[in-house]
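See below for the structure under consideration.
Chain naming here is simple, since letters A, B, ... match the order of the sequence lines and numbering starts at 1 in each. Note that these values count all heavy atoms, side chains included, but never hydrogens, waters or copies made by symmetry.
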2 protein chains.
Amino acid sequence: MHCSPSKNTEERIREAARRVFLEKGFDGTTSRDIAEAAGINIALTNYYFRSKEKLFISIFDELIQLFFEGMFCILNKPIGLREKIAELVEHDFQLMKNNPNLSIFIMNEIHRNPERMANAVEARKQFQQSVFDDQLRREVALGTIRPIEAMHLMVMIIANIQFLFVSKAMHIRIWHMSEKEFDAFADRHKDLVIDMITSYLFVFESV
Amino acid sequence: MHCSPSKNTEERIREAARRVFLEKGFDGTTSRDIAEAAGINIALTNYYFRSKEKLFISIFDELIQLFFEGMFCILNKPIGLREKIAELVEHDFQLMKNNPNLSIFIMNEIHRNPERMANAVEARKQFQQSVFDDQLRREVALGTIRPIEAMHLMVMIIANIQFLFVSKAMHIRIWHMSEKEFDAFADRHKDLVIDMITSYLFVFESV
DNA sequence: TCTTGTTTTAAACAAACATTTAAATTTTCG
DNA sequence: CGAAAATTTAAATGTTTGTTTAAAACAAGA
């Protein structure tokens, strides 16, 4: 019977796998990489998770939830559109700052194997049924903002933030930046993005 | 002596390698994948290029040039800023439409192995010495546009276009899009991006 | 035709891969 | 404690990897 089935080891494997997969992707990661990063025997990854693929799916599903959940939460908040957009940008920025490889990892793995995005339908529903979708439509109808569809606005928000981090390695290499310098650049850029998107949308307002 | 050293075979390998590398990346591609795609014997890839790595570098360098050259060309054109920005967006969009995997490929490979970006210094110089850099500074000094650094503006341009294609697989999956529908969406988005960026920059102008 | 150099092939190579096995070790609990 | 179960280990599994080899097929000039 026993109490906890070595949750320590299982979690150590998960943490190592998360780290290595995020850095090297599924194809670039070997079972030995994960075992080494976790400081455990090679056979244990297959003892706890049945295969490299199953371990990956477990990590991937966790990360894609991290990718979406915060966003959906904000989309449904009972706050004004201007504030909501700023919050969406800030949230995405913080998420990327804490997980710089998250976006390129997700985009890449879905690109290589689209079936991995199993709960795509769920994501679509959550988005379509969100407060944000109605909210935007109403504001457009009232004429307080430029006419725009929710999908386009969402892409603008995440593209401007996430591409910063997707292209981070390139920027650091081209501009001879340190991590600190990149962070400072990203921070300024984030503020610019908020300014640009809201200025564009709320063109009819005076402030 | 012989006349042409089987340029046919070598070019067939290059074309196949370009196709497969762009789709699966370096890690996800095997020598046998390339040989199969090219319809040639496995040993020929190492006969013409000495290793998988050397073949990859050859393809990568070609693609990173494709990635930058058109952009640098436009940056130095003797045209107005508004027109130049629109042209930069249109060019990047066309490049991505013709090579949908180019951006995610480049970003990913540099991320996994930054040393691959060997001529980063060259890219930086080309950008800093461009007409665009001066042009923007002058317009900012004159007060005809909002104060902004060239780097930020460039990131805005390429982020808004390229992320569309970096996230293409995700969008298609989430929104149940066909290729045609995605293309139409991307086309509308591109126009919005031009409108947003120029509207933001040229806020002081009446038109 | 014979020879020389080039291109292509099938077969083989060792190394690395994910995964399995069976034994050893540790933990659990009566 | 001591037996049963869970965990960990070293070793081996069969495949796939990138690369090499040695022979075959080909091209072309003397």
Side-chain angles (χ1 to χ4, degrees), chain A residues 1-63 105 108-109 112-113 115-116, chain B residues 1-63 105 108-109 112-113 115-116:
Chain A
M1 223 48 9
H2 78 296
C3 191
S4 98
S6 180
K7 200 164 188 176
N8 259 338
T9 307
E10 189 172 332
E11 194 47 42
R12 267 174 73 192
I13 296 176
R14 291 187 63 82
E15 280 168 17
R18 200 181 301 124
R19 201 157 7 105
V20 182
F21 277 139
L22 269 171
E23 182 160 333
K24 309 205 210 182
F26 182 78
D27 288 334
T29 299
T30 71
S31 299
R32 281 162 184 82
D33 286 340
I34 297 173
E36 198 177 341
I40 49 111
N41 187 281
I42 244 278
L44 283 181
T45 63
N46 279 19
Y47 175 75
Y48 283 97
F49 309 85
R50 300 203 352 237
S51 67
K52 179 193 170 188
E53 175 86 18
K54 290 213 169 63
L55 170 56
F56 177 82
I57 289 174
S58 164
I59 298 293
F60 180 81
D61 287 350
E62 174 203 304
L63 289 176
F105 169 81
N108 214 43
E109 297 301 339
R112 298 279 162 82
N113 197 345
E115 305 83 48
R116 292 241 159 89
Chain B
M1 212 88 330
H2 75 295
C3 191
S4 98
S6 180
K7 198 164 188 178
N8 261 338
T9 307
E10 188 173 332
E11 194 47 41
R12 267 173 72 191
I13 297 176
R14 291 187 63 84
E15 280 168 17
R18 199 181 301 123
R19 201 156 7 105
V20 181
F21 277 140
L22 268 172
E23 181 161 332
K24 310 204 209 184
F26 181 78
D27 289 333
T29 299
T30 71
S31 299
R32 281 163 184 83
D33 286 340
I34 297 172
E36 198 176 340
I40 48 111
N41 187 279
I42 249 281
L44 284 181
T45 63
N46 279 19
Y47 175 75
Y48 284 98
F49 309 85
R50 301 199 355 231
S51 67
K52 179 194 170 189
E53 175 86 17
K54 289 214 170 62
L55 170 55
F56 176 82
I57 289 174
S58 164
I59 299 292
F60 180 81
D61 287 350
E62 174 203 304
L63 289 176
F105 168 81
N108 214 42
E109 298 301 338
R112 298 280 161 82
N113 197 345
E115 304 83 47
R116 292 241 156 91

- Task: Walk me through it: do B:Glu23 and A:Arg112 pass the test salt bridge (Lys or Arg N to Asp or Glu O under 4.0 Å)?
- Result: CA-CA 7 Å; B:Glu23 181 161 332; A:Arg112 298 279 162 82; over 6 Å; no
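When distances run from any side-chain atom of B:Leu44 to the nucleotides C:dT8, D:dT19, D:dT8, the shortest one goes to C:dT8. Counting only heavy atoms from C-beta on, A:Arg32 has its side chain closest to C:dC17 among C:dT20, C:dC17, C:dA10. When each of C:dA10, C:dA18, D:dT9 is scored by its nearest atom to the side-chain atoms of B:Asn41, the top-ranked nucleotide is C:dA10. Here C:dA18 is the nucleotide among C:dA18, C:dA10, D:dT9 with the atom lying nearest to any side-chain atom of A:Thr30. When distances are taken from the side chain of B:Ser31 to each of C:dT19, D:dT9, D:dG18, the shortest belongs to D:dG18.
Proximity of B:Arg14 to B:Phe49: side-chain heavy atoms (C-beta onward) are separated by under 4.5 Å at one or more points.
Ring-plane geometry between A:Phe26 and A:Phe56 is classed as perpendicular, the angle between the planes exceeding 60 degrees on a 0 to 90 degree scale with a lower cut at 30.
Using a 4.0 Å cut-off, no side-chain N or O of A:Tyr47 falls inside it from OP1 or OP2 of D:dA6. Residue B:Thr9 places at least one side-chain N or O closer than 4.0 Å to OP1 or OP2 of C:dT8. Applying the 4.0 Å criterion to OP1 and OP2 of D:dG18, one finds that B:Asn46 has every side-chain N and O outside that range.
As a whole-Å value, the separation of B:Phe56 CZ from D:dG18 P is 13 Å.
Contact annotation for A:Thr45: no contact, since no heavy-atom pair falls under 4.0 Å across all strands.
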